[in-house]
Number of protein chains: 2
Amino acid sequence: MQDVARRAGVSPMTVSNVVNGHPHVRPATRQRVLEAIAALDYHVNTTARSLRQGRTGVIGLAVPNLDHPYFGLLARLLVERAAAEGYDVVVEQTGARREGELGAITRSRLRSYDGVVLHASELANADAELLRGEYPIVVMGERAYDEPVDHVLMGNEEGARLATRHLIERGCRRIAIIGGRLGSPDDIDVSTLRTRGYLRALDEAGIARDDRLVRVAVLGFEGGRSGVHALLDEVGPVDGIVGATDQVAVGVLRGLRERAVSVPDEVRVVGFDDIPVAAFTVPSLTTIEPDHDGMADAVVRLLLERISGERRADDYREIVSGVWLVERESTAGVVRIALA
Amino acid sequence: MQDVARRAGVSPMTVSNVVNGHPHVRPATRQRVLEAIAALDYHVNTTARSLRQGRTGVIGLAVPNLDHPYFGLLARLLVERAAAEGYDVVVEQTGARREGELGAITRSRLRSYDGVVLHASELANADAELLRGEYPIVVMGERAYDEPVDHVLMGNEEGARLATRHLIERGCRRIAIIGGRLGSPDDIDVSTLRTRGYLRALDEAGIARDDRLVRVAVLGFEGGRSGVHALLDEVGPVDGIVGATDQVAVGVLRGLRERAVSVPDEVRVVGFDDIPVAAFTVPSLTTIEPDHDGMADAVVRLLLERISGERRADDYREIVSGVWLVERESTAGVVRIALA
DNA sequence: GTGAAAGCGCTAACAC
DNA sequence: GTGTTAGCGCTTTCAC
C-alpha cells in the first residue's frame with residue numbers, strides 16, 4: 001500500500017479510502033490511485049485489515065462431513081444467506097467425532113471468524129457449556145441440549161411420527177425402522193430421536209411395538225441395504241419400513257430389490273431428509289422434507305444477532321424447523337409405474 | 001497475551017514460546033503460563049499471527065457447488081490430505097459461474113490463504129493467464145488450458161471412450177450420449193470433452209456417428225430424465241446410453257423406467273464419476289471411476305511445492321488422472337437381479 | 001531460559 | 001479532500 005501511495009503521489013490513507021470506496025476522494029486522485037493499483041497488481045492484505053478492524057467478515061461452518069448430500073445442501077444454503085448479509089462462509093469438517101466438534105470451537109483458527117455455525121452430532125450434554133460464552137455460536141443438528149445455547153434443529157421426532165403414521169394410513173401394520181435405536185431418555189442422537197417418533201406413531205395407532213423391528217444400522221446406503229437383509233433374515237416379512245435417513249432408505253430399496261420384494265406392493269418405504277436423488281430412485285422415495293430454507297434463514301439470523309450484539313447475552317433461542325411429508329411412489333396406494 | 005504474561009509474571013515473549021511449544025522454557029515457567037492461559041481463557045489471535053508470519057496455514061478450495069456429490073468427495077479428500085501436511089482447508093463456492101471463478105482468484109480474501117485449489121468449469125482459455133503469477137494456484141477440473149498452469153484433471157476423453165467401448169463390446173450399436181455436446185475444437189468443457197471420447201470409440205469400432213444421438217442436457221438428475229424422454233420421442237429407440245455424469249445416468253435410469261424400457265435388457269446404460277449412490281440404484285450403475293485419491297494427492301503435492309517454492313516458477317505441471325470402468329448391473333450381459 | 005525492541009499492513013480518529 | 005499518528009496482537013531478532 002505504501003508503494004501504491006508513493007506511485008500515485010498520495011498517502012497510504014488515501015489509498016485505503018479508494019480501496020474501501022469512501023466517498024470523499026477527488027475523482028482525479030481516485031483515478032491515479034486506481035492506476036497505481038493496477039500497475040503494481042496490488043491486493044489488500046485482508047489479514048492486516050482484519051487485525052485492525054477486529055472483525056473478519058467470515059463465519060465458519062463446521063459440519064461432520066462434506067461428503068454427504070445433506071451437509072452439501074446446508075453449506076450451499078448458508079453460503080447464499082450469508083453472502084446476502086456481506087459475510088463469507090468457510091467450511092470445516094469435524095469428521096463426526098466429538099474431538100473434532102470440540103476442536104471446532106476450541107481451535108484457534110475458528111476463533112478468528114466472527115462467528116461459527118456448528119453442526120453437532122456427537123457432543124454430549126456435558127459439553128454444551130463450552131458452547132456458551134462471548135463467542136458467537138449457533139448449534140445445529142440432531143442433538144438437543146439442556147444447557148441453553150442458540151440452537152436450530154430439525155423436527156426429528158415429529159418427522160418420524162409423520163412418516164410412520166403415513167405408512168399406517170396406507171395400511172401397513174408391521175413396520176420396521178432401519179437405522180433406529182432404542183436409546184435411553186438422555187440420548188439425543190438422530191437415530192434415537194427418530195425412533196421415538198416412530199414409536200409414538202405406533203402407539204397413537206394402537207399398534208403393539210416389537211423391538212426386534214427397531215434395527216440399528218450405519219446411516220448410509222450400505223447400512224440400509226444390509227439392514228433390510230438382516231431384518232428379513234432374522235425377523236421375517238414386514239409391510240412397511242421407515243429409513244432413518246434417505247440414504248438408508250435408498251439402501252433399503254436396493255436390498256428389497258435384491259430379495260425380489262416389490263415396493264410399494266409388498267412393502268412400503270419412507271425415508272427422511274429429501275436428498276436430491278430421492279425423487280429419481282426406482283421407485284421414487286416418499287420422504288420427510290425438513291424446512292431447509294427456514295433452517296438456513298434461522299441460523300444466519302441468530303448468528304448475526306449474536307455478532308452484532310443486538311440480543312442480550314443470556315437470551316438464547318431454540319428453533320425447531322417444520323417437517324412435512326413428500327409422497328412419492330415408494331408408498332403409493334397403487335403401483336403407478338410400469339414394471340419391466 | 002499481555003494479560004497472560006502479566007498474570008504469569010513473565011514477558012509476552014515467553015507466553016508465545018509456550019503457546020508454540022518452543023523447547024527452551026523451564027517447566028515451572030511453562031506451568032505458570034499454562035495456568036494463566038486457562039484462568040483467562042486465552043486464545044491466540046490467528047489473524048495477528050498470520051500478519052506477523054506472512055503465512056496463514058490455510059489453503060482455499062474453490063468449487064462450483066458443494067451441493068454435488070463429486071465436490072463433496074473432493075473436499076473431503078483434500079481436507080484429509082492437507083491436514084496431514086499441517087494445512088487447514090477452507091471451502092468456497094464459485095456458483096459455477098465464470099465471475100465466481102475469477103472472483104475466487106481475484107478476491108482479496110482468497111489471497112490471504114497460502115494457496116488455492118480452483119476447480120474451474122467456466123473459465124475460458126483466455127482467462128488462464130490470470131492463473132499464472134506468484135500466487136500458488138492449482139487448477140482442477142474439466143478444462144484444459146493452452147496456457148501453462150499447474151493443472152490436475154480427469155481423463156475425460158479416455159473415460160468416455162472406455163464407457164462407450166464397453167457398451168459396444170456388450171453388443172450395443174445405436175448409442176446415445178446424454179449431456180453431451182458437439183463443441184468446437186476450442187471448447188474444453190466436460191460435455192464436449194466426454195463427447196469426444198464417445199465419438200472416438202464409435203469411430204474405432206467403425207460405427208457411423210449420428211449427431212442426433214448427442215443430446216445436450218443440464219448435468220443433473222432431471223437433465224438425464226427429461227433428456228432420455230426427449231431422445232426417445234425425437235430420435236426413437238437406442239440400445240445403449242452414455243450419461244455424461246452419474247447424476248445424468250441416474251436420471252436416465254429413472255426416465256427409462258417411466259417409459260417401461262428395461263435396463264439392461266433393452267438398453268444398457270453407463271455413467272461417469274462413480275458417485276456413492278451408483279452402487280445402490282436399481283439396477284446398479286456401471287460407471288467410470290476416476291482416481292479420486294490420486295487426484296487429491298497430486299493436487300496437494302503440486303500446491304505445496306508451489307508454496308514452498310521448491311519448484312521453479314516457470315515449471316508447470318499437468319497431471320491427468322487415470323480412469324477405469326466399474327461394471328455393474330446396468331450393462332450386464334444377463335439380467336442378474338430378480339424383477340418385480 | 002527469558003526479555004526488549006521492532007514491525008508485519010492496515011485503518012480509526014483526528015488534524016489540516 | 002488529504003495526511004499524520006497510533007496501534008490492532010503477534011513473533012523475529014538479538015541481547016542478556
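These values consider heavy atoms only, across backbone and side chains, with no hydrogens, waters or symmetry-generated copies. Chain identifiers are assigned alphabetically (A, B, ...) following the order of the sequence lines, protein sequences preceding nucleic acid strands; residue numbering begins at 1 within each chain.
Taking the side chain of A:Ser11 as heavy atoms from C-beta on, and the options D:dG1, D:dA6, D:dT4, the nearest nucleotide is D:dT4. Nearest to the side-chain atoms of B:Ala48 among the listed nucleotides D:dT11, D:dG9, C:dC10 stands D:dG9. Of the listed nucleotides (D:dG3, C:dC8, D:dC8), D:dG3 has the atom at the smallest distance from the side chain of A:Val10.
If you take CZ of B:Arg6 and P of C:dG3, they are 14 Å apart, rounded to a whole angstrom. Per the geometry, CZ belonging to B:Arg30 stands 9 Å off P belonging to C:dT2, to the nearest Å. Separating the CG atom of B:Leu51 from the P atom of C:dC8 is a distance of 9 Å, rounded to the nearest angstrom. Taking atom CE on A:Met1 and atom C1' on C:dG7, their separation rounds to 17 Å, with Å as the unit. Taking atom NE2 on B:His22 and atom C1' on D:dT13, their separation rounds to 13 Å, with Å as the unit. Atom P of nucleotide C:dC8 and atom NE2 of A:His43 are separated by 20 Å, given to the nearest angstrom. Rounded to an integer number of Å, the gap from A:Arg49 CZ to D:dG9 P is 18 Å. Straight-line distance from the CZ atom of A:Arg32 to the P atom of D:dG1: 15 Å, rounded to whole Å.
DNA chain D is contacted by both B:Met13 and B:Thr47; B:Thr47 maps to the nucleotide lying nearer its 5′ end (nearest heavy atom per residue). With DNA chain C read from its 5' end, the first of the two nearest nucleotides for B:Arg52 and B:Pro12 is the one closest to B:Pro12.
Under 4.0 angstrom from either OP1 or OP2 of D:dT2 there lies no side-chain N or O belonging to A:Asn17. Applying the 4.0 Å criterion to OP1 and OP2 of C:dC8, one finds that A:Asn45 has every side-chain N and O outside that range. Not one side-chain nitrogen or oxygen of A:Gln2 sits closer than 4.0 Å to the OP1 or OP2 atom of C:dG9. OP1 or OP2 of D:dT2 has at least one side-chain nitrogen or oxygen of A:Thr29 nearer than 4.0 Å. For the OP1/OP2 pair of D:dG3 and a distance below 4.0 Å, the side-chain nitrogens and oxygens of A:Thr14 include at least one atom meeting the criterion. Put simply, A:Arg26 has a side-chain N or O that comes within less than 4.0 Å of OP1 or OP2 on D:dT2. Within the 4.0 Å cut-off from OP1 or OP2 of D:dC8, not a single side-chain nitrogen or oxygen of A:Gln53 is found.
Distance alone, capped at 3.5 Å, places no donor-acceptor pair between the A:Arg76 side chain and the B:Leu66 backbone.
Ion pairing between a basic and an acidic side chain is recognised when a charged N comes within 4.0 Å of a carboxylate O; B:Glu85 and B:Arg81 show no such pairing.
Here the options are A:Arg306, A:Glu305, A:Glu310, the test is side-chain hydrogen bond (donor to acceptor under 3.5 Å, both in side chains), and the partner is A:Ser308; only A:Glu310 passes.
Taking the six-membered ring wherever Trp is involved, the centroid distance between the rings of B:His292 and B:Tyr70 falls below 6.0 Å.
Contact between A:Pro136 and A:Asp114 at its shortest, heavy atoms only, is CG-O, 3.4 Å.
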